[in-house]
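Start at 1 with the first residue, then count along the sequence. Predicted, not measured: the structure shown is a model, and the values here were computed from it.
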Amino acid sequence: MAVVVWVVEGTWPACVDAARAHAPEDAEVVLLHVTGHDVADAAHGAFAGLLGRGHPERDPGNRVEHLAAASAESLLQAAAERLGRPCTRVERTGRVEREVVAATEGADLLVLARDGDRARLGPHSLGPASRFVVDHAACPLLLVWPEPAPDLTTMPPPPPHHQ
């Protein structure tokens, strides 16, 4: 069994704990972190447009890329330690939602956390990237709450025509 655990700042402990609880001991676990390219691209563009060309060593986008890579490595290390068993660590860069979906090819399970409005139940508990992944993943999903789930009274009421 191949299990992909999507490691995201702020919600990764719940995902790793869910993998520990639900993935068989002999499962191949992949800890996946995806760094979006948008921040580094914005820094590259600002440098080129505002500060001019000719000094690539001053491009702040390069520094942003290095910081993002170091942060991802640190996060994946912490997740691997929490998992407490052999795993593969994968860092990808690109459109986050598309990179996660691509990483599910051939997987048997994807573990991800809710990342939207976590104060109440309902569709807004998923952010845009997670919603895309839920709709397009090439394998079954285990969707977890990063903290205890809200009370059932927070569920939105049904539409008026269903009452």
Subject >> Minimum heavy-atom distance Gly122-Pro156, with the two atoms named >> reply: CA-CD, 4.2 Å

Subject >> Validation row: Arg20, Leu83 side chains within 4.5 angstrom (heavy atoms) >> reply: yes

Original post:
Would you say the side chain of Pro140 lies within less than 4.5 Å of the side chain of Leu110, judging by non-hydrogen atoms?
Top reply: no

Original post:
Side-chain donor-acceptor pair under 3.5 Å between Glu73 and Gln77, yes or no?
Top reply: no

Subject >> Heavy-atom side-chain contact between Val134 and Leu141 under 4.5 Å >> reply: yes

Original post:
Given side chains that start at C-beta, do those of Thr93 and Val34 come closer than 4.5 Å, heavy atoms only?
Top reply: no

Original post:
Taking a hydrophobic cluster as the set of Ile, Leu, Val, Met, Phe, Trp and Tyr residues connected by side-chain heavy atoms closer than 4.5 Å, whether directly or through intermediates, do Val90 and Val101 fall within one such cluster?
Top reply: yes

**OP:** Looking only at non-hydrogen atoms, find the nearest pair between Ala113 and Ser130 and report the distance.
**Re:** O-OG, 3.9 Å

Subject >> The single option from Thr11, Val96, Leu31 passing side-chain contact (heavy atoms from CB on, under 4.5 Å) against Trp6 >> reply: Val96

**OP:** Report yes if some heavy atom in the side chain of Val30 is under 4.5 Å from a heavy atom in the side chain of Val5; otherwise report no.
**Re:** no

Subject >> Within-4.5 Å side-chain heavy-atom neighbours: Cys139 and Asp108 >> reply: no

Original post:
Minimum heavy-atom separation for Ala27 to Val3, with atom names?
Top reply: CB-CG2, 4.2 Å

Original post:
side-chain contact (heavy atoms from CB on, under 4.5 Å) with Val111: which of Asp17, Val16, Leu142?
Top reply: Leu142

Subject >> Nearest atoms (heavy-atom pairs only) where Val4 meets Ala107 >> reply: CG2-CB, 3.8 Å

**OP:** Before accepting this row, confirm whether a basic side-chain N of the pair Asp151/Arg120 lies closer than 4.0 Å to the acidic partner's carboxylate O.
**Re:** no

Original post:
Should we count CD of Glu9 as having more than 12 external heavy atoms under 6.0 Å?
Top reply: yes

Subject >> Contact check, side chains of Arg82 and Pro13, non-hydrogen atoms, under 4.5 Å >> reply: yes

Subject >> Joint hydrophobic cluster, Leu32 plus Val7, side-chain heavy atoms closer than 4.5 Å >> reply: no

Original post:
Glu25 and Arg85: side-chain contact (heavy atoms from CB on, under 4.5 Å), yes or no, with the steps?
Top reply: CA-CA 8 Å; Glu25 284 296 319; Arg85 63 188 204 196; 3.4 Å; yes

Subject >> Pairwise distance CG(Leu143) to CG(Leu126) - rounded to 0.5 angstrom >> reply: 5.5 Å

Original post:
Val144 and Leu75: same hydrophobic cluster, using ILVMFWY side-chain contacts below 4.5 Å?
Top reply: yes

**OP:** Of all the heavy-atom pairs spanning Arg118 and Arg114, show the shortest one and how long it is.
**Re:** CD-O, 3.4 Å

Original post:
Do Glu91 and Arg89 sit within salt-bridge range, that is, some charged N less than 4.0 Å from a carboxylate O?
Top reply: no

Subject >> Pairs satisfying ring-ring contact (aromatic ring centres under 6.0 Å, His included), at least one member in residues 133-159, at least two apart >> reply: Phe132-His136

**OP:** Measure across Pro146 and Ala14 and return the closest heavy-atom pair with its distance rounded to 0.1 Å.
**Re:** CA-CB, 3.5 Å

Subject >> Contact check, side chains of Val8 and Asp115, non-hydrogen atoms, under 4.5 Å >> reply: no

